[in-house]
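Notes follow once the structure below has been shown.
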Amino acid sequence: MKFSLQRKQLCIPYFIFLILFVVIPILFILFYAFTDSAGNFSLYSLIAFFTSTNKINVLIQSLLFSVINTIICLLVGYPIAYILASSKAKFNYVVVMLFVMPMWINFVLRTGATRDVLTWIGLNGGQHPYIATFIGLFYNYLPFVILPLYSTMLKLDKAQIEAASDLGCNRFQVFTKSIFPQTIPGVVSAAQMVFMPTMSSYVIPETLSEGKIILFGNSIYLGFSNNQWNSASFMAIIMLAIVCISMLVTRNYTEKDQEGGSSRW
Amino acid sequence: MDNKNYIIELKNVSKIYEDGTIAVDNFNFYVRKGEFVTFLGPSGCGKSTTLRMIAGFEFPSKGEILLNGKDISNLPPNKRPINMVFQRYALFPHLDVYDNIAFGLKLKKIAIPLKDKEGKPVLKINKNKVKNLKREIYLTKKNKHLNEEEKETKLNEYNLALEKAKTTPEQAYKYKKLSDREIDEKVARALKIVDLEALEDRDISTLSGGQQQRVAIARAIVNEPEILLLDEPLGALDLKMRKDMQIELKEMHTKLGITFIYVTHDQEEALTMSDTVVVMKDGLIQQIGKPKEIYDEPKNAFVADFIGESNIYNATMIKKMSVRFLDHNFDCLDDFPVNEKVDVVIRPEDIIIKNENEGMINCKITTKIFKGVNYQYIALVGKNEVMIKSTKEYDVGQTVGLDIYPDSIQIMKKDFTTNIYTDAWINKNNQVCIDDVPFDCDILQLVEGGKEEDGYIVDKKGKKYDFNDADVVAEVGLDKIEIVDDIESENSQIVGEIVDSVYKGDHYQYIVRTENEEDFVCLSSYTYNLNDKVGIHINKNDIKLRLKKEVSNYEI
């Protein structure tokens with residue numbers, strides 16, 4: 001008997017998966033966001049969200065946290081990635097692994113350990129909630145910056161760098177005019193990897209600030225755990241909207257990268 | 001000075017990489033102003049490294065690079081009036097055509113002499129010069145490849161210059177950027193030269209390979225460099241486009257009057273375009289000359305084989321101006337000592353086909369290929385193959401006569417007549433170690449009438465010798481080294497890679513290079529390709545040994 005699978009049939013499992021775990025949950029969220037507790041259509045959650053200074057403040061604070069954390073991670077991660085990618089030493093891979101290895105440990109456990117270490121060196125979350133939270137966020141998201149940057153930097157076109165210096169760039173100009181533009185796709189994807197997860201992070205602020213700092217993720221969680229399904233769902237929609245916006249904004253850069261890449265070869 | 005016309009001069013330039021590989025070995029060479037020079041050679045011959053040293057991407061380990069008589073060896077690329085067209089163009093994908101070309105112009109600053117109110121030149125101490133000299137001193141101190149003496153003379157020179165620069169004020173300059181209008185004009189002119197006028201706003205990724213190539217050239221020439229370097233710029237184009245670009249580049253060279261230094265591995269490209277060709281191999285210059293000289297009078301078998309198609313044979317000078325090969329004595333124009341073994345090269349188009357018995361020798365045609373302009377025949381003379389190009393038509397299997405006139409026979413000194421290993425030694429088993437691999441050998445040849453007794457050698461008079469650890473010079477004839485296909489077999493004593501092959505009528509001459517960079521030159525009638533891994537076998541009696549010290553040193 002001949003048994004052959006067609007492409008269509010191969011798609012079925014993924015299709016089921018998508019429906020079950022992506023489409024249906026989104027529909028649920030949409031349903032809860034625009035209904036009241038009795039299940040009737042209502043814009044109550046929307047109005048409640050935009051009139052509550054408390055919730056807007058949380059949103060703004062989360063955005064600020066995300067922006068600052070993204071910038072810090074990029075500032076620190078970029079040089080590390082550059083050094084790792086450009087030096088020929090054999091231990092490079094080991095160093096990359098050292099940065100990446102903590103990611104293999106469960107995130108909640110790791111954050112608990114971070115809290116203990118911080119308390120031990122005197123940066124107790126109760127007294128220094130902001131510092132402790134930032135350290136935690138930075139520590140957790142740095143690898144997500146280094147990895148994409150490292151991989152784009154491995155692909156840096158040496159000839160372009162040489163061309164820049166051949167055409168009159170000094171070392172600093174070589175960086176600003178050739179190396180940095182080449183790494184922009186990496187920077188964008190690194191920023192994406194940090195910005196949104198920071199916004200929705202829940203365990204890190206919760207554990208490290210001992211509940212003193214509430215980010216958007218915490219507030220969604222609080223909503224669900226307090227049985228305010230409608231308002232929490234609406235906040236989740238806001239979250240989704242921000243994800244979509246940030247993807248739209250960055251889409252141009254990532255597409256450009258692919259074009260440039262293919263034309264070079 | 002007579003070398004005023006030399007725009008760039010390389011003096012004893014060597015490049016040795018950190019792992020010890022020598023990319024360029026003692027390069028001496030100059031380029032005249034306005035010349036079109038091509039570095040030609042197989043990959044890995046050091047041609048690109050030389051170009052990169054001229055551009056400033058690599059610094060020579062030894063020697064000097066002089067630009068208009070001034071040493072620029074350690075100057076970074078942005079301070080040299082030299083621009084390069086890269087192999088894969090290296091255009092900036094984030095900029096459009098205009099910005100790519102204007103890239104260098106936007107960075108350029110023009111020096112304007114400073115004058116005070118009365119119009120007298122302002123004198124200041126040149127801080128840049130001081131900085132550069134300090135850098136030179138630092139680099140010289142760190143250079144591992146110079147010996148102490150060379151270092152000292154160089155350092156003294158620099159220190160003197162530094163003192164002078166620190167104390168004598170010079171004309172001061174202020175620097176001005178080019179205005180947008182000037183940039184516009186220059187870019188427009190460059191675009192016109194490369195025939196891309198309408199494309200200035202296009203994105204790089206929307207251009208075809210040929211157009212990208214033109215942008216790359218425009219980006220380099222717009223800076224009005226004194227020398228334009230081209231690193232295999234046509235390598236990525238298809239054949240027809242390459243031919244067109246060759247002609248265009250040549251025209252551009254005439255039009256611009258800039259010195260071009262071109263790197264390629266394509267011999268045809270080199271011959272068509274250049275005024276002077278430098279043939280390189282293994283970091284060494286093989287021959288420098290005009291294209292015609294190099295084609296007609298190659299200095300050695302490598303050049304002959306690399307440039308154009310050729311018949312190369314082992315030959316012997318049998319008397320003055322007469323050389324024997326293909327079982328016939330031919331008159332020739334080159335004078336070599338009688339009985340010397342030489343290589344001869346004859347270009348296929350220089351052989352004249354005649355009817356049977358009408359030529360100097362007879363041969364039988366075995367293959368015939370129609371090439372458009374002419375026929376290419378392979379014919380057999382005894383066991384030797386002869387390649388002939390002719391417009392006359394003959395059939396396969398036909399016997400024809402051949403004429404080879406004296407002016408088409410180029411005689412070259414043999415590059416290898418025998419393999420000599422000067423750092424061989426004898427181990428305790430009375431084997432000779434070449435490249436640290438033991439080979440069985442006839443150790444008795446070291447002592448006249450010797451005999452072996454318990455690992456010692458005893459001569460006629462009963463004197464005993466112990467040759468353990470003795471340094472010897474080992475010599476093996478080219479034909480005595482056997483290539484073994486099966487590198488795992490017992491016959492394969494040492495394994496190496498084929499790095500060079502030259503066809504000589506009925507056999508190939510190969511160079512097998514081992515991991516430790518020891519070369520074995522051998523002859524074989526079988527075909528191997530470059531980079532093939534093969535084993536080598538040498539028969540016990542074919543290794544000739546000579547002690548480095550007197551025999552009496554080893555007496556016990």
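Please read all numbers here as calculations on a predicted model, not as lab measurements. What you see below is based on every heavy atom in this structure, not just the backbone, and it leaves out hydrogens, waters and symmetry mates. Letters A, B, ... are given to chains in the order of the sequence lines, protein chains preceding strands, and every chain is numbered from 1.
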Relative to chain B, which of A:Q173, A:R171, A:K177 shows the most heavy atom pairs under 4.5 Å? A:K177
To the nearest 0.5 Å, what is the distance between CG on A:N170 and NZ on B:K79? 8.0 Å
Output the distance between atom CD (A:E162) and atom CZ (B:R52), rounded to the nearest 0.5 Å. 4.0 Å
Nearest heavy-atom pair of [X] and [Y]: which atoms, and what distance?
X: B:F103; Y: A:A164; result: CE2-CA, 4.0 Å
X: B:F92; Y: A:S178; result: CE2-OG, 4.2 Å
X: B:L107; Y: A:L167; result: CD1-O, 3.8 Å

Taking atom [atom1] of [X] as the centre, report whether more than 12 heavy atoms of other residues, nucleotides or ligands fall under 6.0 Å from it.
X: B:Y17; atom1: OH; result: yes
X: B:Y138; atom1: OH; result: no
X: A:M247; atom1: CE; result: no

Look only at the side chain of B:N78 and the backbone of A:C169, and say whether a donor-acceptor pair between them is shorter than 3.5 Å.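 Answer holds: yes.
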Can you check whether B:P93 reaches A:Q160 side chain to side chain, under 4.5 Å on heavy atoms? yes
Side chain / backbone / both / neither for B:L229 at chain A, heavy atoms under 4.5 Å: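 No part of it gets close to chain A.
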Checking heavy atoms, do the side chain of B:N83, its backbone, both or neither come under 4.5 Å from chain A? both
